[in-house]
Structures are given as C-alpha cells and as structure tokens.
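Computed from heavy atoms alone, side chains included, the values below leave out hydrogens, waters and symmetry copies. Every value quoted in this text rests on a predicted model; they were computed, and no experiment measured them.
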Amino acid sequence: MAERVVTMAIGPLVSMLKDKASSYLLDQYKVMEGMEEQHKILKRKLPAILDVITDVEEQAMAQREGAKAWLQELRTVAYVANEVFDEFKYEALRREAKKNGHYIKLGFDVIKLFPTHNRVAFRYKMGRKLCLILQAVEVLIAEMQVFGFKYQPQPPVSKEWRHTDYVSIDPQEIASRSRHEDKKNIIGILVDEASNADLTVVPVVAMGGLGKTTLAQLIYNDPEIQKHFQLLLWVCVSDTFDVNSLAKSIVEASPNKNVDTDKPPLDRLQKLVSGQRYLLVLDDVWDNKELRKWERLKVCLQHGGMGSAVLTTTRDKRVSEIMGADRAAYNLNALEDHFIKEIIEARAFSSKKEKPIELVEVVDEIVKRCCGSPLAATALGSVLCTKTSVKEWKAVSSGTSVCTDETGILPILKLSYNDLPAHMKQCFAFCAVFPKDYKINVEKLIQLWIANGFILEYKEDSPETFGKHIFDELVSRSFFLDLEESKDYSGYYSSTCKIHDLMHDIAMSVMEKECVVATMEPSEIEWLPDTARHLFLSCEEAERILNDSMQERSPAIQTLLCNSDVFSPLQHLSKYNTLHALKLCLGTESFLLKPKYLHHLRYLDLSESSIKALPEDISILYNLQVLDLSYCNYLDRLPRQMKYMTSLCHLYTHGCRNLKSMPPGLENLTKLQTLTVFVAGVPGPDCADVGELHGLNIGGRLELCQVENVEKAEAEVANLGGQLELQHLNLGDQLELRRVENVKKAEAKVANLGNKKDLRELTLRWTEVGDSKVLDKFEPHGGLQVLKIYKYGGKCMGMLQNMVEIHLSGCERLQVLFSCGTSFTFPKLKVLTLEHLLDFERWWEINEAQEEQIIFPLLEKLFIRHCGKLIALPEAPLLGEPSRGGNRLVCTPFSLLEAPLVHESCSGGYRLVQSAFPALKVLALEDLESFQKWDAAVEGEPILFPQLETLSVQKCPKLVDLPEAPKLSVLVIEDGKQEVFHFVDRYLSSLTILTLRLEHRETTSEAECTSIVPVESKEKWNQKSPLTVMRLRCCNSFFGPGALEPWGYFVHLEKLEIDRCDVLVHWPENVFQSMVSLRTLLIRNCKNLTGYAQAPLEPLASERSQHPRGLESLCLRNCPSLVEMFNVPASLKKMTIGGCIKLESIFGKQQGMAELVQVSSSSEAIMPATVSELPSTPMNHFCPCLEDLCLSACGSLPAVLNLPPSLKTLEMDRCSSIQVLSCQLGGLQKPEATTSRSRSPIMPQPLAAATAPAAREHLLPPHLEYLTILNCAGMLGGTLRLPAPLKRLFIMGNSGLTSLECLSGEHPPSLESLWLERCSTLASLPNEPQVYRSLWSLEITGCPAIKKLPRCLQQQLGSIKRKWLDARYEVTEFKPLKPKTWKEIPRLVRERRQACRS
C-alpha cells in the first residue's frame, strides 16, 4: 500500500480569501470603485475552486504530482490575493478613521503616513493587482478542468463541538504501571553509582513514540531520585547538538540561571555542577554523532560531585554509543499489547457511555499495527473516537501501515493528521513555527491563529471561543500535550502546552519551508528562503541576522516571533509590510518600528520591552487586534489617539508600573474584550476617566487603585456590577484599574464592575487608609472568584460567600471581618490572606441566631500576618458534652457540612472529633502579638487539622502550645516560646522539615534539657523519623543532659542547622554517629563550644572515627571558644569557617601536628625549612574531595596552612596568622615549580630566609580555580605561584606578597578576573600574554610598588570590559592604523615606541 503524504489544507486559505472579497466594508467605503466587474468575477470563480478542493487534496495525499503542483500554485495565488484584499480592507478602515476625525488629530503627519491616500492613485495601483489575480485564478480553473478534478462538497465546519474529555486517560498512570521494571532498573543504575568519581552516562534507546521521554520523567520525578541527587536538570536537545547553546540551556534550567550571565556558557556550566551530585536529563538527542562535541561538554560535566549522572534519550544507536561509551545502552522494549489496547479503548470510547462489542472486536487488529508504541495507540484511539460504525473502524485499520523500524510510527501520525478537518490542519501545521519542546502559551497561540486568518468569524461565537474549541479538539486527539497552568509574579494566569517531537515533525513536513526556526545563529547564508512566511528567532543579535538576510531576500513574512532582546533598529522596514503578527522585546527606550509599514498587523507583542512610550502614529494600525505591553516597566503613557484602533480586542497593560493614565475615548473600542489594567489619571482632555468603564463587561481581573479619591461613589462601588448585558464594550479576561483617586465625583461611575458576568478577579486599592463605607454592603455576583482589597478604611465588610480567594491587606480600621447577613457560610473559599489588619479582633459580628453556622469547609490555605489584636482562630463551639472514659463527639460550626470525623484516643477509650478546618493544608501565622489559642472554644479541647501539611508560626509571643495535625510534614516556629518544644513530638512520625527557632533565655532549667521524645511516647518509635531537614535555634533540649536518645530516630536527616545552643560544649560524637544520611551541617553562635571532651580514657584524635561519614558541606560561624575541629569525613566537599578566633586547626589535631607548627608567646611562627620537609601525616589525605574552603576571622590558625590538592576555591579573610600556603600531594609525584626565568624548582625557602617575607614562596593546589585573600595584612609574604586552572584572583588589603608568578612546566593560567587593591608590597605581575587573554574584569588600585603594568597586559586593556585602574597605569591603546602612504610608516613606529616607553 502506497504511503499517503501529509499536505497543507488549502481550502481554508481560499475560504479566507472568499470572505475577504465579500466584506461589507469594501462596499460601504467604495474602496473597489472602478473595479466592480473584476470583483464580481472573482467572487463567482472562488466557489468553483472550493467545489473541487477536497478532491484535489485527496489526490495530492495519494501522491499525484499534477494535483500537488496545482495545489502549490493555488497556495501561492491565494496568499497574494489575501494580501491584496488586506490592502482593500485597510483602505476602508482608513477612510472610516478619516471620517471620524483621525486625520485632524494626526495633522501634517498624514502626508508621511499615507503617501498613497489619493483615491485615483489607489484605484490605479490596486486595479492592476486585481487583474493579475483574476488572470491567475482563470488559469487555475482551466487547469482544473484539464486535470478532471471532480466536484466534492466540502464538509461544513461543525459548530456543535463534541465534549472533549482529554483527561479521561492519564499517560503517566499507564506508564507508571507499564514501565515499572524499566524505571526500577534505571534508578538502580543511577543510585548504585553514588561512590563513582567518574561521570555516569545512561543512554535510553528506542524508536520515536515508544515512551522514552515519559520514562525519563517518571525517573526524574521519583522520590528516591529527588532525594539522592542534590541538583536535577532537564533539557530537551532535539535536532541540533551545539555545545555552547546546550550548555546555556542547562544553566538556564537551574535555579542559578541569572548568575554570571556575562560569562561563557561552558564556564557557567562548570561552576554550576562543581561539587554537586547532579542528574542531567538530555532528552531527544539527535545530532551528536561527533565525539568531539560530546567530549567538550563532558569535560565541564565531569566537575560534578561523586555519583553524578547523565540520563539521555535518543532514537539513534550511534548517538548512544558515543555518549555512553563505557556502558551498554538501555534498550527500551515495546509496550505490551494489553497496555496498548487499554490506551486505544480509553481514547476511542472516551465520549461513549458504552463499548459496543462489535467495535471492541476490531481493537485487537488495530493493536498489532501500533507495534507497542503508546503514542501510536493514543493517535489511533483519538481517530477512532470520531468514528461510530464498524465500517469506519475497519477503514482506519486497513488504511494504517504497520509500524516498522524504518518508518517508525509516522504513518499512523500522518493518518491522524489527515483525519483532521481542514481548518484544524491549518491551525496545527502553523505550530511548526515553534522550536521542539517549546512551551506554547495557549492564549497567544489562539490569537496568532486569528491574526493569520486561520479562524473565521461566526455570529454564534467569537473567534477566541472558536479557537479554544479547536485547541481542545486537538488536545483530545493528542496533538498537544503537557498542559500546564501557571501564575506569574503579578498574579496573572496563563496556560501552556507542548507538541510531541514526532508531531512536530509532521507539522514541519506540512509547512515545508513556510516555517523557519532559528534558535542559534544560522550557519547557512540562505537560511531564510523566499517561501518563508512564519519566522521564529531566539538567537543573539537577531536584528543583525535579520538585517543581513532581508538585504538580499524579500520573503512575504506574516509572523515574526523574536524571543531575544533587540537593541538596534530593524532595517529594510518596507519588506515587513506583509506582517500579521509580530513579537519583539525592545531593549531601547525608543520604538524601533515604523507603523506606516505595518498596516496589516493584527498581533503586536512588545512585552518586557524597555520603551518609555509608543509613537502617536501607531494609532494608524487599524487592523490591530492584540497589543501586549505587559511588564514594560518604563512605559508611562499610551497613544492619545488609541480610540481609532477600532479592531483592538485585547490590551495587556499589567506590570506597567510607570503608566500614568489611559488615553481618552476607550468607549469607541467596541470590540475590546481584555483590558488587564486601567490607570485613572488626573482628569483632562488627554486622559480617560472611569466613566468610560460604565459600559464594560469586564472579565478576568480588575484592579481599582486609590479608591479613596472616588468621591461619593460608595453606592456605586458597593453595587459593583448591576448589569449583565452591556451597551458598549465586552471585556473579558483580566482588568486592573489604578490611580482611582484621580476620578472625581462627576466621573465616579465604577458601578457594575463587580457584577460583570465574565469578571473572575477584582482588586480594590486605596493609597492610604481613610474613612470609607464603600464595602459595607458589597455583594458581588456569583462568578467573581478572587477579591483583593488594599488599605480599605471601613470597619466591616459585606457578604463574600462565593469567593474562592480573599486577600485583605492594610485595612487598618477593619474590626470585623464579615458583617451580619443571612449566612456565615463560605462554601467555595480555598485561600484566605489577612495582613496588616491592626484593629481586627473578631471574625464576624455577634449574632445569637447564627451561632452554629458553617464557615470555611473547603479552605486550603490560611495566612494571617501582622494582626496585633487577634486572639484566636474562628470559634468552634462544642455541640456535644464530652464524656469521660469512652467515646465523645466534639463538633464545630462545620457540623452541617459533614466534616470528617476523626477518632482520637482518650483515657478509657476513643473520642470522635470533628475538624474545624477539614480541608486546611497550609496555615501561616506571623507577628500576632495577642494570639494565644487555636480557637475560641472551651479551653483544653485540642483542635484537630486532619489535612494540615504545613504550619508556620512566627512571632506569636503568647502562644505556648501547638495543635493536633496527624499529616503535618513541614513545621516552622520562629521566635517561639520554649514551652512549644514539648509539643513537637506529636509530629515526629510525619515531619520531613522542622524549623524550630525559640526565644533565648540566659539560664537553662533542667526541664528544658529533657528529651524531645517523652518517656511515655518512646514505645511508639518502632519506625524512624522521615525528617530530612532540621533547623534549631536556642533548642538546648536537643543537646542537654538526658536529651541524647532521640538522635537515633533521625536516620534520614540530610541537613542540620544548630544556632545559639549554649549547652553545646563538646562535639556531640554520639549525635554524629547517628547521622548516617547527613550531607549538610551548620553550627553558629554556640559560644561555649570548645571541641572534643577531654575524658581520661578518650582515644587519640587520630584514632577517632570520622563522622558523619557522608557529610559534604560544613559551616561553622561565630563559635569564639572553639579550639579543635572534629575529624571531618573524607566525603567533605565544602567547608566554611568564620569568627572562630581560637581555632587552631581546621582538620582536627592529627598526630604529628604538634611538631609541625609551634606558636610562640609573641605569636611569631616557627616554620619548616621547605614545603618538602613537611611530614606526610594522615592530614595529607584527610579531605581528598574538598573543593571549596572559606576561612574568615580565624586568627589562631597555624602559620603553615596545609591544603588538600582537590581544592578548587579558596577564600581567606582576616586570617593574618597564616604565613605559608602549602599543598601536600602525599604519595603523588610533586610537580616541580620553577620560575619562568631560572627554571629552578620552587620550594619555600629555608628557615633563615623565612624571616624575610619577600623570600617566602607558596605552593597552591594544582586544581585551584578561584583564590580570594582579603584584609590579611602581613600575611603570605613572598611569591605566590599561580596554578594553570586559576580563573579568578582577588587580593585586597595585603602587605606581605611581593610578586605573582606562573608555574613553569605548565600552561600559564588564563585569568578572567584580577582584582588587586591595597597591596602595598606587591611589585611584580606575570608577564605571559596567556594570563590576560581571557580577562574581562580588572582592578589594580592602591598598589604603589607596581610601577608599570606588564607590556602584554597593556596591550589587552582595550578589550577588557570592566576595569578600574589608578591613573598612572592608563596607557594609549594600540589600534591598527592604515597609513595613507608608505612614507608614514616610520613616523607611526616612532610614535608607538614613545607610547611604550611612557
């Protein structure tokens, strides 16, 4: 059976042309005057083409070359004809605007903006274009008859949308069952490599659509993997394996994506992974068949910690062999048939109540054609969902090619695409403009469809509604996946989706060269063909690439999406006159475009640009439907003539914090559906007033700011939203109204805003708190879900029963949260935030008839902050008397909602407690001075939170107990009473994170030093605590006498912080021995901590075991009594010690240290003669993995600091006792360090010479990359040798060093940053050019001994981006000059010689 090909649906393009040719605007403004006859002929012939278009497309899919060529020509003609009729439409809109007075407002600019506004000239120009189109159409019709294309009616576009339940099947759920063994095997491989110092690479190989990415997601999100790895990264590689681009993508996938953005990507990547055990998933690797590319990336990745791993998915076995050379690839097998059948049936019968037996019998035959591919099964099931008869099902089965290794599942996906209605084909194929794995904003996608004319207008629905139906249908057919809804930092919601890479291949094959994606600078000159219509750019210097390409070519670009910042103007602007959609992020204050070339623009996205204003002539964009200015932080005004942009449907202005006002006449924008922010400015002729909102049916989000200045508008605001139908504007989505104080009483018509049928979110914002009763009787409509109120001056609120979220902040006079009404029930409320309510005392007004009303049955999140008068949570009166010795029933105001009954043990039996907060998951209380009990019920009755997962209590000084919460996993107590400690034990079986920072008491009672686990509770501890993070402050009870038992429970603890523990005197060895999972330890402000206990029978320090064995990060700060370190384990990677002024050793007192360093009473160090004479003690290998060492304010450290060779970062601040830096390589061969001149070995000088600081020399670790020495006067005298890997060197406030030199025998370092400040004795710098070639940051100030910079450094000054130099170092930069004649060369040579001498 010949394979059918996928083709672009041309029918919708011709239908679009037909609709444009029939537009009423053309006749109303007589723009086709003199061309009426040609117009009539064209309108007659277009339906004739549409009559046969279905037959032609079917023949093209059957690979008939004549049909394909005819369709291609029709596509070209249709595009040109659409552009011509766009010009006719714009002319009609221009004449309409002129009629309404726009020309008068524009003044003399009209001549520049409309050079062809003369009707005679327009008629002549357009008449010629129309004749050419008509000729081309007539040729097509003649060929149509020659080819014998047959009439076949086009299926009508259905407006009866089927219910698409695209969550009826959960691919992750089936994958978790079907790939359980695969997941288990790969997780085992990754975890078992924990002690492997080499990078582990696990390639997963299978054909496309077999579920490689889904399996990788299951592994990535597995709790064991999340716990095992310190850093998890996910990057989709797709087609191009470019090392720098990939390194940048990996860094940007991490939390540190905004760090060192000016550094090279590979350096950023190396710094990111250094010392961390990470898992990197490289999904869908294709173009990586060159070993050198992978090796370049692998060099950086190998800097990760032990056990780091790369999990890669690929369809190509050669790729897996290159990337996983040391390990066999993991071959993913096909899914078993019963899982495939389950997927097909779930999709095919998703909209059917029953499964007809005759259809089920066909499924087994279809299963065989999927060859174990879940994607193929999903696609076929979606196709079958639209079929109802056995005949149709069998036709699908017989028309489907069996998947093979050669074709993969593409034949099935092509069948799925070909089964789409024509208008959906066009919409999906357009998505080829996005890169693979790109997160597509759903709302923007639909708007782009509309802008390009893919969605026609119907009276029944708006284009947006029609587009949403198309999107939902495509989702149900698995063309889109990974739907997510997110909320940005300003509270604006958005939905995103992705396209499977194989589906993306289908879209690309349909669009051929019409869609061009450039995610990196194109290597080919002709990367932009003349056939390109939709262009996506996300590479640097996009404007330069565009300018160079458009100089040579003239493609009719309709869509230009630029995802990178643009700093310079686009050239050849007249070539952009076909644009329908444009996205640019302008990095300049000025607008870089000329609206006179953008007449056909429908979609303009300038979000996050730096522009201060839009030009007035932008108002001539009469076709513009979408204008996105969100997060343009510097934008302070909009065009005054915006009212003439009558096609505008969506205006996004949220995040424009400098916007002063709105332009007048917004009521003229009758198509406006979305307005996210309305800023009410000072009344005037150039400013819109709130009265213009009277006719708006606002949907989504509305914010009213500075409401105190809306004079005499209380009644209107209280009745926000009386009308459901509007006379003028139909606004939807989100609207924010600011600066309402500028609205005077004549314009105070903000009525009806709260009761608009599409309004979802309303924000009211006053500038300052004042008397107000605006909200006393506030009753919004039932559709309003989110209410945010800031600085309201009233004492009570109206009824808000239908809210889902309520946020009240700064309402300082509010005494009662909710006024009396018919009910206290809030059946939908899920989030409640109360902040800075200084007079807030009661939750509602006292009303005896309402004592047992329901309040918050669905509340999930409750935040109360800075409410100084609040005493308790809402009242929960007991409805039943407690009974002793048996069961008792405790009810609350939630009784009528049948809140869950929870059995609790009590003396003699059980009791049934009904929760006051049955759904609450997050509770945060902060700065509540009077808060002292968890509700206002009978004292002694515990309050139960059956679903509570996170509890945070900060600065509540009167609270001395904690509530019952059996599922609590996160507990945070800040500045809590010491008594709170005794309630923590009730959560130990469920807590994973504990932060316990209690108040400090000068004296510690014996009662406070008891175990956290009471004696009567210890019998429950058969299991170990799930705690992974514990932060303790002033918690002497953990370390006092009798408090040692509980540490055996915390075997899963990974991070421990101890702060201000006065009873901690000696290292808690028994605690360390219990910490088998500990990775991070922080101890600070423990003033009595000294070191090991000096017991008579105590073993020598060198014989002590190293605990905790898996520790990787250690931080000690401000422990002034600390003398001795514990024996840190070999696994340690990072050590930070600061403010430990008595500390004598950073690695513990090993045997032999006493002979190594002796410090006299005068604090003068007696140092060994040479580094080679240092004894080879166990210390030499004590920290073989240590990479990061930071020492500050440790004045008692030894004169010789012995450094481990693994060190990569060293920082020293105020450690003046250190005189020599040495690196002991132990059994390794010591590299000979020689100067670049003498080539003699570099070793510290003998003791006699050591007294002279200038003669002293130092040996740094061979892998050191970052060295910082701060405020260490007199420290480190002599010469400092710089190892080859060194990249950053900072030395400030030093009076000992005399010179910096390179190590001979190795490559000189390639410094990126060099800062030398206040180094009074430093006189010499390296003179090797290699040292300074990569330098981008340089400072040399306050170094009087440096008389002149090295010549090679002087030559580099011009290329260094950031430099701070004393004036004497500034030299003339060497610039190549072009002499006019050869006679001038000697003069130029003399001038340069003089510059060098100076």
Side-chain angles (χ1 to χ4, degrees), residues 75-76 78-84 86-87 90 112-116 125 129 240 245 430 432-435 438 448 451-453 508 511-588 590-607 609-611 614-615 617-618 620-621 623-624 628:
R75 179 196 295 194
T76 303
Y79 275 133
V80 174
N82 271 291
E83 291 169 12
V84 169
D86 281 340
E87 291 186 61
Y90 183 82
K112 297 178 182 179
L113 297 175
F114 302 117
T116 61
K125 180 185 73 170
K129 290 184 178 181
T240 305
S245 297
F430 170 79
V433 74
F434 300 108
Y438 183 77
L448 288 171
N452 280 287
M508 287 297 293
M511 298 300 286
E512 296 177 340
K513 294 184 178 181
E514 284 197 14
C515 286
V516 178
V517 178
T519 56
M520 53 186 293
E521 184 169 352
S523 57
E524 300 177 6
I525 298 176
E526 297 184 357
W527 68 279
L528 186 63
D530 286 329
T531 56
R533 290 196 167 267
H534 309 289
L535 178 59
F536 182 100
L537 283 172
S538 63
C539 46
E540 295 181 1
E541 298 185 5
E543 63 271 38
R544 178 183 59 80
I545 296 170
L546 274 174
N547 292 338
D548 292 345
S549 300
M550 296 297 280
Q551 183 176 0
E552 303 294 332
R553 320 187 76 82
S554 300
I557 299 176
Q558 289 184 205
T559 304
L560 174 57
L561 306 176
C562 190
N563 252 23
S564 53
D565 290 346
V566 174
F567 294 97
S568 56
L570 293 179
Q571 299 169 4
H572 319 295
L573 290 177
S574 61
K575 293 185 178 183
Y576 293 96
N577 62 351
T578 56
L579 272 178
H580 284 206
L582 174 63
K583 172 179 169 55
L584 287 179
C585 182
L586 302 176
T588 61
S590 58
F591 191 70
L592 301 178
L593 302 170
K594 292 187 178 180
K596 70 176 182 178
Y597 297 121
L598 302 172
H599 289 173
H600 308 314
L601 201 64
R602 270 86 166 161
Y603 176 100
L604 179 57
D605 183 352
L606 300 173
S607 57
S609 292
S610 300
I611 53 174
L614 291 171
D617 58 349
I618 202 173
I620 70 170
L621 301 183
N623 279 307
L624 195 65
D628 190 348

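- Two residues are said to be in side-chain contact when any heavy atoms from C-beta on lie closer than 4.5 Å; Thr519 and Ser245 fail this criterion.
- Using a 4.5 Å heavy-atom threshold, the side chains of Leu582 and Leu593 count as touching.
- Nearest heavy atom pair, residue Pro555 against residue Arg553, reads CD-C, 3.5 Å.
- The two residues Ala556 and Arg533 come nearest to each other via the heavy atoms O-NH1, 3.3 Å.
- Residue-environment remark: NZ (Lys594) stays at or below the threshold of 12 foreign heavy atoms within 6.0 Å.
- In this structure, CG on Leu598 lies 9.5 Å from OH on Tyr90, to the nearest 0.5 angstrom.
- Nearest heavy atom pair, residue Ser574 against residue Asn577, reads O-CG, 3.3 Å.
- Residues Met550 and Ile557 have side chains in contact (heavy-atom distance under 4.5 Å, counting atoms from C-beta outward).
- Atom CG of Leu528 is separated from atom CG of Asp548 by 11.5 Å, given to the nearest 0.5 angstrom.
- At a threshold of 4.5 Å between non-hydrogen side-chain atoms, the residues Leu606 and Phe591 count as touching.
- In this structure the side chain of Glu543 never reaches within 4.5 angstrom of the side chain of Gln571, judged on heavy atoms.
- Between atom CG of residue Leu579 and atom CD of residue Gln558 there is a gap of 9.0 Å, rounded to the nearest 0.5 Å.
- No donor-acceptor pair under 3.5 Å is formed between the side chain of His580 and the backbone N or O of Arg602.
- Within the 4.5 Å cutoff, the side chain of Glu514 has heavy atoms near those of the Tyr79 side chain.
- A distance of 10.5 Å separates CD in Glu541 from CZ in Phe567, rounded to the nearest 0.5 Å.
- Residue Leu584 forms a side-chain contact (heavy atoms from CB on, under 4.5 Å) with just one option from Leu537, Val566, Leu561, and that option is Val566.
- In this structure, Pro435 and Val517 approach most closely via the heavy-atom pair CG-CG1, 3.8 Å.
- To the nearest 0.5 Å, atoms CG (Asp565) and OG1 (Thr588) are separated by 10.0 Å.
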(Q) Quick one, Thr578 with Glu83, criterion side chain to side chain donor-acceptor pair (under 3.5 Å). Give me CA distance, side-chain angles, the key distance, then yes/no. (A) CA-CA 7 Å; Thr578 56; Glu83 291 169 12; 5.2 Å; no
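- Side chain of Lys513 to main chain of Pro529: no donor-acceptor pair is present (N/O by atom type, distance under 3.5 Å, no hydrogens or angles).
- Ring geometry for His534 against Phe430 counts as perpendicular: the plane angle is over 60°, on a 0 to 90° scale with 30° as the lower cut.
- Minimum interatomic distance between Ser538 and Asn563 (heavy atoms only, all atoms of both residues): CB-CB, 3.8 Å.
- Side chain of Thr559 to main chain of Ala581: no donor-acceptor pair is present (N/O by atom type, distance under 3.5 Å, no hydrogens or angles).
- Taking all atoms of both residues into account, the shortest heavy-atom contact from Ile545 to Cys539 is CD1-SG, 3.5 Å.
- The OH atom of Tyr597 lies 13.0 Å from the CG atom of Leu570; values are rounded to the nearest 0.5 Å.
- Side-chain contact check for Ile618 versus Leu604: some heavy-atom pair is nearer than 4.5 Å.
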